[in-house]
There are 2 protein chains.
Amino acid sequence: MSRTRVLDIDKAVHTAMNLFWRKGYDQTSLAELTAEMGVTPPSFYFAFASKDNLFRKVVDYYASNYLAFMNEALLKPTARKVAETILFGCVEAYTRSGMPPGCLIVNNSMPCADDALEIRRELSQARDVRFKQLRKRFRDAKAAGDLPIDSDPAELARYLMSLRWGMAIEAQSGATRRDLEKIAERALQAWPA
Amino acid sequence: MSRTRVLDIDKAVHTAMNLFWRKGYDQTSLAELTAEMGVTPPSFYFAFASKDNLFRKVVDYYASNYLAFMNEALLKPTARKVAETILFGCVEAYTRSGMPPGCLIVNNSMPCADDALEIRRELSQARDVRFKQLRKRFRDAKAAGDLPIDSDPAELARYLMSLRWGMAIEAQSGATRRDLEKIAERALQAWPA
DNA sequence: GTTTAAATATAGCGTTCGCTATATTTAAAG
DNA sequence: CTTTAAATATAGCGAACGCTATATTTAAAC
């Protein structure tokens, strides 16, 4: 006994997911959310109560549709299969074509994707410089016979960079120095002879 | 031929570094910066021109004082030494006592530390849940003889989580699916037999 | 002492933000 | 048709933000 909805909730959540994924929570304004949804703020608030609440819905939606492998992994028969499922699950989830790269959760522990702030673009460039420095160093090492002939300098450089980001986040969320040392030691076991 | 400074530039940069490190660029307001520095906004702007510009100074300061190992690493004689220097350099840099945990750069590709936003705290809790699920799974595996008797379920869980964050950031900054696959494959080489 | 300009303080501008008081439309129920 | 309430739109509030126009203090130069 009322007016018919023009706001499709499911579609709106999906739209919001894309925005939050690409731009991060803070950089996605209500103006942009409502514009993309094709409604005015009161409709938005009638449907979602608050930006916070919508974000929670989005995270749930994302987790069940894009991170399902995390739960499936726990059911695998061997520990190694668990690890494989998680790692290759991430590979797929973070690089789905048509979807923003990376992880909505991580991106919203950290914004910046196509960030408006020039500073973050500069940080991103600095990351790339580091990567290229490392790659060059490992190319030289390979040329000098210090790395196997079949090793891939770019791959090794990216492996290290990736561990760096991972350790930084672990540290920030409470890992101790000993915890990080173990990660480093473990990672080095995969280093080419 | 002028008034003497009350604002100590070096000290102010250090103060700002701590704030940006802990809270992130966005969540650190000018009001907080000027309050901690003990000056009013015009003094701040006379000294630093803008918040952006101060942040740049802070990043430079941080990189040369806390990430010097990255440059030193490139000079090491072997590729393995390069890797070791970087990994253990991170361990130290990200867990210095008296300093905020984690990395100022990564934290400012991602805020949240003691973030005011409840949402981010929830995300952080969700991370912890994932970690504990994994640890439990690996404890079970160890009990079942599927993992070596000397293996550490918590360490393996954290290793995987860390790789997850790392891959997410790599993906977001442009790594391809093949790039991530290589990281995953490399990481699995360190998995206990 | 007067001048000069570097360094500070007072007060507030202009913008954007998340959000809402209020009013209006619209479909079903009677 | 009228009533009812769900769903929308208009218009704008209050707060926080980065930043600044303007005025004042203060040490060195002459």
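So you know, we letter chains A, B, ... as the sequences are listed, proteins then strands, and number each from 1.
- Between the P atom of C:dT16 and the CD atom of A:Glu32 lies a distance of 14 Å, rounded to the nearest Å.
- For A:Arg80, the salt bridge (charged side-chain N to carboxylate O under 4.0 Å, His left out) partners two or more places apart in sequence, or in a different chain, are A:Glu84.
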Show me the donor-acceptor pairs within less than 3.5 Å that the side chains of residues 31-42 of chain A make with the rest of the protein, sequence neighbours left out.
residue	atom	partner	partner atom	Å
A:Glu32	OE1	A:Lys23	NZ	3.0
A:Glu32	OE2	A:Lys23	NZ	3.3
A:Thr34	OG1	A:Leu30	O	2.8
A:Thr34	OG1	A:Ala31	O	3.0

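- Contact annotation for B:Thr40: base contact, defined as any heavy-atom pair under 4.0 Å involving a base atom.
- Listed by chain and residue number, B:Asp140 satisfy the salt bridge (charged side-chain N to carboxylate O under 4.0 Å, His left out) test with B:Lys136 (two or more places apart in sequence, or in another chain).
- Nearest to the side-chain atoms of A:Arg5 among the listed nucleotides C:dT10, D:dA7, D:dA9 stands D:dA7.
- B:Asp8 meets the salt bridge (charged side-chain N to carboxylate O under 4.0 Å, His left out) test with no other residue; sequence neighbours excluded.
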* How does protein contact run along nucleotides 17-24 of chain C, one letter per nucleotide 5' to 3', with B for base contact, S for sugar-phosphate only, - for none, heavy atoms under 4.0 Å? -> SSBBB---
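- The separation between B:Asp8 atom CG and C:dT8 atom P is 11 Å, rounded to whole Å.
- Between its two ends, the helix from C:dG1-D:dC30 to C:dG30-D:dC1 turns its axis by 10°, counting five pairs per end and rounding to 10 degrees.
- Applying the salt bridge (Lys or Arg N to Asp or Glu O under 4.0 Å) definition to pairs two or more places apart or across chains, those involving residues 56-68 of chain A are A:Asp52-A:Arg56, A:Arg56-B:Glu122.
- Look at B:Thr4 and you won't find any side-chain N or O under 4.0 angstrom from OP1 or OP2 of D:dT26.
- Between B:Asn53 atom CG and D:dC19 atom P there is a gap of 10 Å when expressed in whole angstrom units.
- Partners of A:Lys76 under the salt bridge (charged side-chain N to carboxylate O under 4.0 Å, His left out) rule, at least two apart in sequence or in another chain, do not exist in this structure.
- Straight-line distance from the CD1 atom of B:Ile9 to the P atom of C:dA6: 14 Å, rounded to whole Å.
- Under the side chain to side chain donor-acceptor pair (under 3.5 Å) criterion, the residue pairs touching residues 141-152 of chain B are A:Lys182-B:Asp152, with sequence neighbours excluded.
- What separates CE of A:Met37 from P of D:dA9 is a distance of 13 Å, to the nearest Å.
- A donor-acceptor pair under 3.5 Å is absent between the side-chain atoms of A:Arg135 and the main chain of A:Ala157, judged by distance alone.
- Taking atom CZ of B:Phe55 as the reference point, atom C1' of D:dG18 lies 16 Å away to the nearest angstrom.
- The existence of a salt bridge linking B:Glu181 and B:Arg178 is confirmed by a sub-4.0 Å separation between a basic side-chain nitrogen and an acidic carboxylate oxygen.
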